[in-house]
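Numbers here simply count residues along the sequence, with the first being 1.
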Amino acid sequence: MLGSLQCVVLDCHYPPALARFYAVLLGGELDRPDPRWSLDDSWSTLHTPTGLVLAFQRVEDFHPPQWPDPAHPQQFHLDVEVADLAAAEREVTEHGAAFLRREQGWVIYADPAGHPFCLLPAAAPQATPQASEQP
């Protein structure tokens, strides 16, 4: 291993607003003080409950992806597993996400800055055999 992932950085017009959107989607702490970076209107962070850090960076001439247009590629996307797909769709839409397309089993949205992300239904938990059911 050469290194470890510090954070995933998303370019956008206004970092604090996009960070708030992802806080609604993923939970976590916005703009936690961290010696690795400074926080201001051009850089915002979200420390998620899973330990992943998303960072949001202002780009003055930001051009959002136009998925699935190959002339304006998505560059990356996030897959977000949710317990209730319909409820998650309502919530992200209320916070500025735009519906892009429904696929078999998941739904594709764009965040308020235009980055695509997928909502996927949580996998059903595997049944574990009870002690009386084991051979």
Side-chain angles (χ1 to χ4, degrees):
M1 178 174 91
L2 295 176
S4 60
L5 182 64
Q6 183 183 69
C7 63
V8 175
V9 182
L10 287 81
D11 291 349
C12 59
H13 288 293
Y14 189 61
L18 195 56
R20 286 190 299 272
F21 172 83
Y22 277 99
V24 168
L25 181 61
L26 302 172
E29 184 180 351
L30 289 169
D31 295 330
R32 177 192 300 170
D34 191 308
R36 295 176 290 183
W37 47 68
S38 62
L39 301 166
D40 56 29
D41 282 347
S42 66
W43 182 268
S44 196
T45 61
L46 174 65
H47 287 73
T48 69
T50 63
L52 176 67
V53 178
L54 294 179
F56 307 90
Q57 171 179 267
R58 179 191 308 270
V59 172
E60 292 302 325
D61 194 24
F62 175 70
H63 298 284
Q66 312 242 334
W67 184 89
D69 179 358
H72 301 91
Q74 67 178 338
Q75 301 165 9
F76 87 101
H77 74 273
L78 302 175
D79 286 346
V80 179
E81 186 176 271
V82 297
D84 183 333
L85 187 58
E89 287 189 76
R90 285 190 301 274
E91 185 80 13
V92 299
T93 302
E94 288 173 11
H95 286 87
F99 173 82
L100 295 178
R101 191 158 95 190
R102 189 170 303 277
E103 295 287 341
Q104 291 183 342
W106 68 92
V107 186
I108 305 159
Y109 280 86
D111 69 22
H115 304 106
F117 66 94
C118 298
L119 296 176
L120 301 100
Q126 296 285 332
T128 53
Q130 299 296 323
S132 62
E133 297 176 7
Q134 295 178 357

Can you name the residues that form a salt bridge (charged side-chain N to carboxylate O under 4.0 Å, His left out) with Glu103, not counting sequence neighbours?
-> Arg101
Within residues 71-88 or reaching into it, pairs that qualify as salt bridge (Lys or Arg N to Asp or Glu O under 4.0 Å) - sequence neighbours excluded = none
Any side-chain hydrogen bond (donor to acceptor under 3.5 Å, both in side chains) involving residues 52-70? Give me the pairs, sequence neighbours left out, ordered by first then second residue.
-> Asp11-Gln57, Asp61-His63, Asp69-His72
Mind listing the closest non-hydrogen atom pair of Pro64 and Ala113 along with its distance?
-> CB-O, 3.1 Å
Intermediate values then yes/no, side chain to side chain contact (heavy atoms under 4.5 Å, CB included), Leu18 and Leu54 = CA-CA 10 Å; Leu18 195 56; Leu54 294 179; over 6 Å; no
Would you check if the distance from the ring center of Phe21 to the ring center of His95 is below 6.0 Å?
-> no
Indicate if Trp43 and Leu52 have the same hydrophobic cluster label, given that clusters are the connected sets of ILVMFWY residues with side-chain heavy-atom separations under 4.5 angstrom.
-> no
Would Leu10 end up clustered with Phe62 when hydrophobic side chains under 4.5 Å apart are linked, directly or stepwise?
-> no
Which pair of heavy atoms, one from Pro116 and one from Pro65, lies closest together, and at what distance?
-> CD-CG, 3.8 Å
What class does the angle between the rings of Trp37 and His47 fall in, given that below 30° is parallel, 30 to 60° is tilted and above 60° is perpendicular?
-> tilted
Between side-chain atoms of residues 26-34 and protein atoms elsewhere (two or more places apart, or another chain), which donor-acceptor pairs fall under 3.5 Å?
{"residue": "Glu29", "atom": "OE1", "partner": "Arg32", "partner atom": "NE", "Å": "2.9"}
{"residue": "Glu29", "atom": "OE1", "partner": "Arg32", "partner atom": "NH2", "Å": "3.3"}
{"residue": "Asp31", "atom": "OD1", "partner": "Ser44", "partner atom": "OG", "Å": "2.6"}
{"residue": "Asp31", "atom": "OD1", "partner": "Thr45", "partner atom": "N", "Å": "2.8"}
{"residue": "Asp31", "atom": "OD2", "partner": "Ser44", "partner atom": "OG", "Å": "3.1"}
{"residue": "Asp34", "atom": "OD1", "partner": "Arg36", "partner atom": "N", "Å": "2.9"}
{"residue": "Asp34", "atom": "OD1", "partner": "Arg36", "partner atom": "NE", "Å": "2.9"}
{"residue": "Asp34", "atom": "OD2", "partner": "Arg36", "partner atom": "NE", "Å": "3.2"}
{"residue": "Asp34", "atom": "OD2", "partner": "Arg36", "partner atom": "NH2", "Å": "2.7"}

Is there a path of hydrophobic side-chain contacts, each under 4.5 Å between heavy atoms of I, L, V, M, F, W or Y residues, that connects Leu25 with Val107?
-> yes
Qualifying residues under side chain to side chain donor-acceptor pair (under 3.5 Å), relative to Asp111, sequence neighbours excluded | Tyr22, His115
Same hydrophobic cluster for Val92 and Leu78, using side-chain heavy-atom links shorter than 4.5 Å among ILVMFWY?
-> yes
Sub-4.5 Å side-chain heavy-atom contact between Tyr14 and Arg20 | yes
When the ring planes of Phe117 and Tyr109 are compared, do they come out parallel, tilted or perpendicular, using 30° and 60° as the limits?
-> parallel
In terms of hydrophobic clusters joined by side-chain contacts under 4.5 Å, are Leu119 and Ile108 together?
-> no
Taking C-beta and beyond as the side chain, do Leu85 and Trp106 meet within less than 4.5 Å on heavy atoms?
-> no
Which residues satisfy the side chain to side chain donor-acceptor pair (under 3.5 Å) test with Thr48, sequence neighbours excluded?
-> Thr50
